[in-house]
Amino acid sequence: QVQLVESGGGLVQAGGSLRLSCAASGRTFSSGAMGWFRQAPGKEREFVAAIRWSGGGTYYGDSVKGRFTISRDNAKNTMYLQMASLKPEDTAVYYCAAHFRGYSAIYYTPAGYDYWGQGTQVTVSS
């Protein structure tokens with residue numbers, strides 16, 4: 001069974017940087033994609049970024065474009081989210097997600113993913 005484990009969350013000051021990691025186990029990635037979502041208190045789960053395991057195409061939500069960078073290490077089955085110029089509004093629980101579908105999926109909604117991590121808290125202070 002696929003397991004996703006996030007790490008790297010914590011408390012940072014506004015303007016700072018943080019890198020999140022998501023390690024996958026239980027299956028070798030060959031197709032599909034991984035993505036990041038976040039959820040702040042009282043808000044809906046928001047799409048942050050996604051990356052395909054074959055081809056390496058990346059996609060970003062408008063609120064993080066230009067500040068966040070998604071990447072992956074296929075050999076390690078690990079995905080990263082490099083966050084820069086952090087703002088207090090970036091404060092949320094960040095979730096790692098994955099799917100292994102061999103066709104184009106809707107990457108920007110939770111329904112496009114089949115596996116989820118437990119989440120890691122990111123808090124940006126002002």
Side-chain angles (χ1 to χ4, degrees):
Q1 186 174 355
V2 174
Q3 281 191 293
L4 305 177
V5 180
E6 302 97 333
S7 62
L11 174 65
V12 298
Q13 294 184 357
S17 299
L18 199 64
R19 189 175 79 158
L20 305 183
S21 299
C22 175
S25 62
R27 180 169 176 174
T28 300
F29 283 75
S30 60
S31 62
M34 296 184 72
W36 291 97
F37 289 78
R38 66 186 184 185
Q39 189 163 24
K43 294 186 177 181
E44 296 181 347
R45 190 164 296 187
E46 176 189 17
F47 171 72
V48 176
I51 186 168
R52 298 195 178 278
W53 285 102
S54 60
T58 58
Y59 313 89
Y60 296 93
D62 290 340
S63 63
V64 306
K65 192 174 299 182
R67 298 188 298 120
F68 291 9
T69 302
I70 189 170
S71 62
R72 82 277 193 269
D73 186 332
N74 290 36
K76 296 181 179 180
N77 280 352
T78 300
M79 175 180 64
Y80 306 94
L81 183 68
Q82 181 67 50
M83 304 182 293
S85 301
L86 284 164
K87 306 173 181 179
E89 50 262 45
D90 294 318
T91 295
V93 176
Y94 284 70
Y95 296 93
C96 172
H99 77 80
F100 302 95
R101 306 174 191 180
Y103 55 90
S104 297
I106 302 174
Y107 61 86
Y108 52 84
T109 63
Y113 299 86
D114 303 306
Y115 303 95
W116 294 83
Q118 81 289 344
T120 185
Q121 176 71 46
V122 172
T123 302
V124 184
S125 65
S126 59

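When a residue number appears, it is its place in the shown sequence, counting from 1.
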- Straight-line distance of Ser125 OG to Leu86 CG, nearest 0.5 Å: 10.0 Å

- Note on the structure: For Ser63 and Glu46 the tightest heavy-atom approach is OG-OE2, 2.9 Å

- Taken in chain and number order and not counting sequence neighbours, the residues that satisfy side-chain hydrogen bond (donor to acceptor under 3.5 Å, both in side chains) with Asp73 are none

- Query: Minimum heavy-atom separation for Ser126 to Pro88, with atom names?
  - Reply: CB-CG, 3.9 Å

- Arg101 meets the side-chain hydrogen bond (donor to acceptor under 3.5 Å, both in side chains) criterion, sequence neighbours left out, with Asp114

- Item | Connected hydrophobic set around Phe47, excluding itself, where side chains approach under 4.5 Å | Phe37, Tyr59, Val93, Tyr95, Ile106, Tyr107, Tyr108, Tyr113, Trp116

- Query: With no hydrogens and no angle check, is any side-chain donor or acceptor of Thr120 less than 3.5 Å from a backbone partner on Tyr94?
  - Reply: no

- Under the side-chain hydrogen bond (donor to acceptor under 3.5 Å, both in side chains) test, which residues partner Gln82, sequence neighbours left out? none

- Item | Atom pair CZ (Arg19) and CE (Met83), whose distance is rounded to the nearest 0.5 Å | 11.0 Å

- Can you measure from CD (Gln121) to CG (Leu11) and round to the nearest 0.5 angstrom? 9.5 Å

- Query: Under the ring-ring contact (aromatic ring centres under 6.0 Å, His included) test, which residues partner Tyr60, sequence neighbours left out?
  - Reply: none

- Item | Nearest-0.5 Å distance, CZ of residue Phe100 to OG of residue Ser31 | 8.0 Å

- Query: What pairs meet the disulfide (SG to SG under 2.5 Å) rule with one or both residues in residues 3-101, with sequence neighbours excluded?
  - Reply: Cys22-Cys96

- Message: Between the side chains of Asp90 and Lys87, is the shortest nitrogen-to-carboxylate-oxygen separation below 4.0 Å, so that they form an ion pair?
- Response: no

- Are Val64 and Arg38 close enough, and set up right, to give a side chain to side chain contact (heavy atoms under 4.5 Å, CB included), and what steps lead you there? CA-CA 11 Å; Val64 306; Arg38 66 186 184 185; 3.8 Å; yes

- Distance, nearest 0.5 Å, that separates CG of Asn74 from CD1 of Ile51: 8.0 Å

- From Met34 CE over to Arg52 CZ, what is the distance, rounded to the nearest 0.5 angstrom? 13.5 Å

- Message: Between Glu6 (side chain only) and Gln118 (backbone N and O only), is there a donor and an acceptor less than 3.5 Å apart?
- Response: yes

- Query: Are any side-chain N or O atoms of Arg67 and backbone N or O atoms of Ser85, one a donor and one an acceptor, separated by less than 3.5 Å?
  - Reply: yes

- Query: Mind checking whether Tyr80 and Leu20 sit in one hydrophobic cluster, side chains of I, L, V, M, F, W, Y counted as touching below 4.5 Å?
  - Reply: no

